[in-house]
Amino acid sequence: MAFRIGKSVMLYFGDDLEPIFIFTGLSFLLIIGPLLRWYILAMTTTDFKLPNFYILELVPFVLIFGISFFISNSWFNEDNGIAVALFASTIIFSYLHLAFYILKSAMMVRKVMNAHPKTHRTKSQISIVHWLQILIVGFSMIWFSYVLNIIEDTVPYIIGPVMYSVVIYYLSYKAYKLNSTHIDGTVFAQNENATLFQRIRELMVAEKLYLESDISLVRLSNIVEKSTQKTSEVINQYAKRNFNDFINYYRIQEAKEMLLDSTSRKYTISSIAFDIGFSSLSSFNIAFKKFEGTTPSSYKKNN
């Protein structure tokens with residue numbers, strides 16, 4: 001950004017600025033967009049790690065930056081149609097490129113806001129969302145100031161770097177006030193875990209996965225598309241039980257209903273045990289006594 005401002009100031013106050021500085025300045029415009037998108041991802045994603053293939057987004061920057069070293073004053077003049085076309089197309093592409101990333105980034109922030117409603121956000125989450133909104137507005141102002149300049153000199157060219165500088169200083173001030181330099185995407189982990197646990201509970205209640213004798217942590221993790229470690233961690237965090245006890249709790253609640261249901265009284269305790277997913281009567285008795293403090297037969301007799 002400092003290079004962009006420096007280039008703009010030299011172009012405004014200096015005469016016959018070398019084309020290498022002009023094209024190099026435009027090339028750095030092509031790196032701002034990807035960096036903005038990556039930053040927003042890092043600020044809104046738990047344990048974010050930049051995938052290697054994201055580096056491909058820097059290809060336009062590398063190409064324009066490399067081309068800038070092969071353009072000289074003698075080649076870059078009004079009589080050279082190729083040079084004029086190259087310069088015009090580079091400017092248009094650079095500003096459309098940045099506009100695309102600003103829009104993409106704004107959509108990412110909106111997605112985060114929808115996933116984490118305002119009434120459910122923590123103080124840290126509110127700070128991050130507010131900061132990212134200000135960041136998007138700031139970059140949009142910079143983009144508009146430069147675009148207005150190239151459309152028939154609507155505003156003086158120097159307004160661009162001045163706006164750039166003002167926005168950067170303001171963003172730095174807001175980052176400090178909102179303490180955004182000390183927080184990142186980990187603040188959204190709590191909400192993500194709660195959402196995951198809610199989905200697991202829905203699977204238990206609506207689809208009654210606990211009735212399946214072969215239900216396992218691995219299978220449940222595959223269904224919710226999370227690692228076994230993550231699934232186990234969330235169950236422990238919210239249910240305050242390990243996976244086996246979590247499943248058995250639902251089985252025992254089902255067993256209690258069946259034991260007291262007059263239409264199910266013709267079934268033996270062992271048949272109920274197998275129907276609700278236990279592989280043996282002994283494991284059913286142990287689990288039932290663990291949760292209810294009594295045996296299934298005593299529970300049925302006393303109720």
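As a basis for the values below, the full set of heavy atoms in this structure was taken, side chains included, without hydrogen atoms, waters or symmetry mates. In this chain, numbering begins with 1 at the start of the sequence shown.
Rounded to the nearest 0.5 angstrom, Phe274 CZ and Leu211 CG are separated by 15.0 Å. Summarising the geometry, atom CE belonging to Met43 is positioned 12.5 Å from atom CZ belonging to Phe48; distances are rounded to the nearest 0.5 Å. The OG1 atom of Thr268 sits 8.5 Å away from the CG atom of Leu281 when rounded to the nearest 0.5 Å. Distance check, rounded to the nearest 0.5 Å: NZ of Lys174 to CD1 of Ile134 gives 4.5 Å. Here CG of Leu98 is found 8.0 Å from CH2 of Trp143. Values are rounded to the nearest 0.5 Å. Atoms OG1 and CD1, from Thr295 and Ile286 in turn, are 12.5 Å apart once rounded to the nearest 0.5 Å.
At a threshold of 4.5 Å between side-chain heavy atoms, the hydrophobic network of Ile, Leu, Val, Met, Phe, Trp and Tyr places Val137 and Leu36 in one connected group. By the criterion of side-chain heavy atoms lying less than 4.5 angstrom apart, applied directly or through intervening Ile, Leu, Val, Met, Phe, Trp or Tyr residues, Trp131 is grouped together with Tyr170 in one hydrophobic cluster. Leu58 and Phe28 fall within a single hydrophobic cluster, where Ile, Leu, Val, Met, Phe, Trp and Tyr side chains are chained together by heavy-atom contacts under 4.5 Å. When the side chains of ILVMFWY residues are joined at heavy-atom separations under 4.5 Å, either directly or via intervening members, Tyr39 and Phe53 end up in a single hydrophobic cluster. Following chains of ILVMFWY side-chain contacts shorter than 4.5 Å, one cannot reach Val218 starting from Ile215, and the two form parts of different hydrophobic clusters.
Of all non-hydrogen atoms in Leu41 and Tyr54, the two that sit nearest each other are CD1-CE2, 3.6 Å. Of all the heavy atoms in Ser221 and Ser227, the pair that sits closest is OG-O, 3.7 Å. Closest of all the heavy-atom pairs between Ala287 and Asn248 is CB-ND2, 4.2 Å. Nearest heavy-atom pair, Phe61 versus Ser27, reported as atom, atom and distance to 0.1 Å: CD1-O, 3.0 Å. Taking all atoms of both residues into account, the shortest heavy-atom contact from Pro60 to Leu30 is O-CD1, 3.5 Å. Of all heavy-atom pairs between Ala255 and Phe284, the closest is CB-CE1, 3.7 Å.
Side-chain atoms of Lys208 and Glu254, non-hydrogen and from C-beta on, do get closer than 4.5 Å to each other. Using a 4.5 Å cut-off on side-chain heavy atoms (C-beta onward), Trp38 and Leu35 make contact. Counting heavy atoms from C-beta on, the side chains of Leu29 and His97 never come closer than 4.5 Å. Residues Tyr250 and Ile276 have side chains not in contact (no heavy-atom distance under 4.5 Å, counting atoms from C-beta outward). The shortest distance between side-chain heavy atoms of Leu135 and Val109 does not fall below 4.5 Å. Within the 4.5 Å cutoff, the side chain of Ser216 has heavy atoms near those of the Arg219 side chain. Within the 4.5 Å cutoff, no side-chain heavy atoms of Arg110 are placed close to those of Ser105. Side-chain atoms of His130 and Gln125, non-hydrogen and from C-beta on, never get closer than 4.5 Å to each other.
Stacking of Arg201 on the aromatic ring of Phe246 is not recorded, the 6.0 Å distance cut-off and the 45° axial limit not both being met. Figure legend: Arg251 and Phe278 shown as a cation-pi pair, the cationic atom lying under 6.0 angstrom from the six-membered ring centre and within 45 degrees of its axis.
The backbone N or O of Ser283 sits less than 3.5 Å from a side-chain atom of Ser280, completing a donor-acceptor pair. For the pair Asp245 (side chain) and Arg241 (backbone), a donor-acceptor distance under 3.5 Å is absent. Using modelled atom types, no side-chain atom of Ser298 and backbone atom of Thr294 make a donor-acceptor pair closer than 3.5 Å.
Around CE of Met113, the count of heavy atoms belonging to other residues, nucleotides or ligands within 6.0 Å exceeds 12. The environment of Asn52 atom CG is sparse: at most 12 non-hydrogen atoms of other residues, nucleotides or ligands sit within 6.0 angstrom. The number of heavy-atom neighbours closer than 6.0 Å to CD of Glu225, taken from other residues, nucleotides and ligands shown, is 12 or below. More than 12 heavy atoms of other shown residues, nucleotides or ligands fall within 6.0 angstrom of atom CZ in Phe243.
Between the side chains of Thr228 and Thr231, no donor-acceptor pair of N or O atoms lies under 3.5 Å. Side-chain contact annotation: Tyr238 with Gln198, donor-acceptor N/O pair under 3.5 Å absent.
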For a side-chain contact (heavy atoms from CB on, under 4.5 Å) check, start with the C-alpha distance between Ile223 and Leu209, then their side-chain angles and the critical distance, and finish with the verdict. CA-CA 11 Å; Ile223 293 174; Leu209 290 180; 3.9 Å; yes
message: Apply side-chain contact (heavy atoms from CB on, under 4.5 Å) to residues Ile32 and Tyr101 and explain how you reach the verdict.
response: CA-CA 9 Å; Ile32 295 174; Tyr101 273 97; over 6 Å; no
Can Lys300 and Ser297 be said to form a side-chain contact (heavy atoms from CB on, under 4.5 Å), step by step?
-> CA-CA 5 Å; Lys300 184 176 181 178; Ser297 57; 5.8 Å; no
Could you walk me through whether Leu260 and Tyr299 pass the side-chain contact (heavy atoms from CB on, under 4.5 Å) check? CA-CA 9 Å; Leu260 300 180; Tyr299 179 85; 3.6 Å; yes
